[in-house]
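Worksheet: the structure to be examined is printed underneath.
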Amino acid sequence: MSRAKPCRAKLGGVPRRIVRVTEQTAPAPETTDDIPEQMRVRREKRDRLIADGGEAYPVTVPRTHEIAEVKEQYAGLEDGEETQDVVGVAGRVVFIRNTGKLCFASVQDGTGERLQIMLSLAEVGEESLAAFKSTVDLGDHLFAKGRAIKSRRGEVSVFASEWAIAAKSLRPLPTLHKDLAEDTRVRQRYVDLIARPLARDTVRNRAKLNRSLRESLHSRGFIEVETPMLQTQPGGAAARPFVTHMNAYDIDLYMRIAPELFLKRAAVGGIEKVFEINRNFRNEGADSSHSPEFSMLEAYEAYGNYDTMAELTQSLVQGAADDIFGTQVVTLADGSEYDLSGTWRTISMYDSLSEALGEEITPATTVERLQQLADRFEVSVDPKRVNHGKLVEELWEHHLGDTLHQPTFVRDFPVETSPLTRDHRTKDGVVEKWDLYVRGFELATAYSELVDPVIQRERFEQQARMAAQGDDEAMTLDEDFLTAMEYAMPPSGGMGMGIDRLLMALTGLGIRETILFPLVKPTED
RNA sequence: GGGCCUCUAGCUCAGUCGGUAGAGCAGCGGACUUUUAAUCCGUAGGUCGUGGGUUCGAGCCCCACGGGGCCCA
């Protein structure tokens, strides 16, 4: 990693190697013959522009209109009709055509809206036209000032009398008519955003989603807070954390795996309807539905329970679909439709598993019997984590997990796997928890929260025994959290929902498409 | 963790049986005053992911490693 090697600029990729620049490794001065032709040419154009007294990156250009404004305002012109209205517009050049004494360029703004610029010899003169041809490349930000017209072919255009580079691009744009390779899309999302409409839409849909969720929660009287991401003790979920180190106190810290224990502290303090939308970090695998960092909504409502949370969750999701797409029957990326409307189905975990197995499974079913069933169906559970609850959940997931296409609440979980959930008010051995399944994956979960600090301590002690047996996902006893709970948290319902997964559910995209800049493994070459 | 597929020009991709590396777009030079993936003429561009091996000869066959994807656990 510290080899002194001249850094050969690659046109296609980002510089992937991470090199600490020291006196030994300081890159050799870049020579123009060391970089690919298209970059070299663009650098020379930049240099020439500046040498001739111009600017390749002016501080501003006198823009008077957004692209959409011009298109809208002059849409009614006849083909070939010209106005005397002078507008100043700017955008990234995505199309260029030179027919000799007349040039066309289309500029695009961040929304993907495009506007045609026309430059004619008669209007700008020989020198300006020649300079345009020799200076402007695909990918540059271009400013043009001129009359608004409609071309003979019927396209609203700016008939330029002046033009200027607004920002010179030193790298060529990819072919805009083909999608980038999936890896490049993710590694160079900024190029993907320039090239691919769906990439742009996804960013905006995600913003709409966050806004919709926040507005729905605010309108119900929930207060948004931010709780620690750096924690001295990770908790609130069964997951392996990322570990980091704080120099000032010389202690290890953990990136949070869930905000739960802090939101409950807030609830103890009287923030009785509280939520947070933020990132969690889990040091586990990465695949098409898991990202090591992911966004999550958690909400707690005093005097609520898992039934009110189900109502809240359904309403948040349906509201988001309405706000983003104007319908609760969404169209997915593969063209299929997905219906989120109505009241969602509810099933019981034990009943649905019993039905699938053709044998009654209850909280009283022995570990031995469950293990036999697991063996028969080749469901493997880490021996360090074997207990009644784990086996029931694994068997359930094996038989039913990906069969739940329509939105479905799965209710009443075994107690071992839900240490933060209160016991069911009438059924022995299960807790008041549901998981929401949508299109075969888990989207959200909610509890009637366990608020009895004595039972909570026992549950933590149980987890500690599981950790001692080698379960590295077992929760640790959080003394500070228990102290808070001993001041009494009001009876509450709590819910957590994956934001990335919600966007996946609403769009049919993979998780790496819903995250703007997902973590990618650096290459070493 | 296991299996399969994949990595070639700036981008997207071909590349036959192992015999001197190809196309489209974009680039460079030229023609064209209504193009919109324009057309025409000319031209440049490659450490074939990396490292080994087999071979007279490897983009192609073998091994290892790296990146990505899909399926399974």
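Letters go in sequence order (proteins before strands), and every chain restarts at 1.
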(request) Determine the Euclidean distance between corresponding P atoms of B/U12 and B/G52; express it in Å to zero decimal places. (result) 28 Å
(request) Write down the distance separating the P atoms in B/C28 and B/G68, rounded off to the nearest Å. (result) 34 Å
(request) Could you state the atom-to-atom distance from CD of A/Glu182 to P of B/U12 in whole Å? (result) 12 Å
(message) Rounding to an integer number of angstrom, what distance separates B/A44 and B/A9 when you compare their C1' atoms?
(response) 11 Å
(request) Please state how far atom CD1 in A/Ile194 lies from atom P in B/A26, giving the value in whole angstrom units. (result) 17 Å
(request) For the pair A/Asp201 and A/Arg204, find out whether any cationic side-chain nitrogen is under 4.0 Å from an anionic carboxylate oxygen. (result) no
(message) Looking at A/Leu102, is its backbone amide N or carbonyl O close enough to the side chain of A/Thr99 to form a donor-acceptor pair, meaning the two atoms are under 3.5 Å apart?
(response) yes
(message) If the threshold is 4.0 Å, N to carboxylate O, is there a salt bridge linking A/Arg369 and A/Glu359?
(response) yes
(request) Please report, rounded to the nearest Å, how far the P atom of B/U36 is from the CG atom of A/Leu176. (result) 16 Å
(request) Can you tell me, in whole Å, how much space there is between the C1' of B/G22 and that of B/G59? (result) 12 Å
(message) Work out how far the C1' atom of B/G53 is from that of B/G18, and round it to whole angstrom.
(response) 15 Å
(message) From CE of A/Met39 over to C1' of B/C11, roughly how many Å is that when rounded to an integer?
(response) 15 Å
(request) Write down the distance separating the C1' atoms in B/C25 and B/A14, rounded off to the nearest Å. (result) 15 Å
(message) For B/C25, does the base pair up with any side-chain atom of A/Thr175 as donor and acceptor (N or O, under 3.5 Å, distance only)?
(response) yes
(message) Can you check the distance between B/G3 and B/G45, where both ends of the measurement are the P atom (answer in whole Å)?
(response) 43 Å
(request) Could you check A/Leu121 against A/Leu138 and say which one's nearest nucleotide on RNA chain B is further toward the 5' end? (result) A/Leu138
(request) Taking atom P in both B/G24 and B/C71, compute the distance separating them and give it to the nearest angstrom. (result) 36 Å
(request) Check the distance between B/G67's P and A/Arg185's CZ and give it to me in whole angstrom. (result) 21 Å
(request) State which of B/G27, B/G10, B/C32 makes the closest approach to the side chain of A/Val41. (result) B/G27
(request) Measure the distance from NZ on A/Lys45 to C1' on B/C28 and round it to the nearest whole Å. (result) 9 Å
(request) Look only at the side chain of A/Arg501 and the backbone of A/Phe441, and say whether a donor-acceptor pair between them is shorter than 3.5 Å. (result) no
(request) Send over the distance from A/Arg42 CZ to B/A26 C1', rounded to a whole Å. (result) 8 Å
(message) Rounding to an integer number of Å, can you tell me how far A/Phe159 CZ sits from B/U34 C1'?
(response) 10 Å
(request) Would you mind reporting whether A/Arg114 and A/Val94 have side-chain heavy atoms less than 4.5 Å apart? (result) yes
(request) Using heavy atoms to find the nearest nucleotide of RNA chain B for A/Lys101 and A/Asp137 separately, return the residue whose nucleotide is more 5′. (result) A/Asp137
(message) I'd like to know if A/Glu394 and A/Lys390 make a salt bridge, using a cut-off of under 4.0 Å between side-chain N and carboxylate O.
(response) no
(request) Measure from the side-chain heavy atoms of A/Met118 and tell me the nearest of B/G27, B/G67, B/U34. (result) B/U34
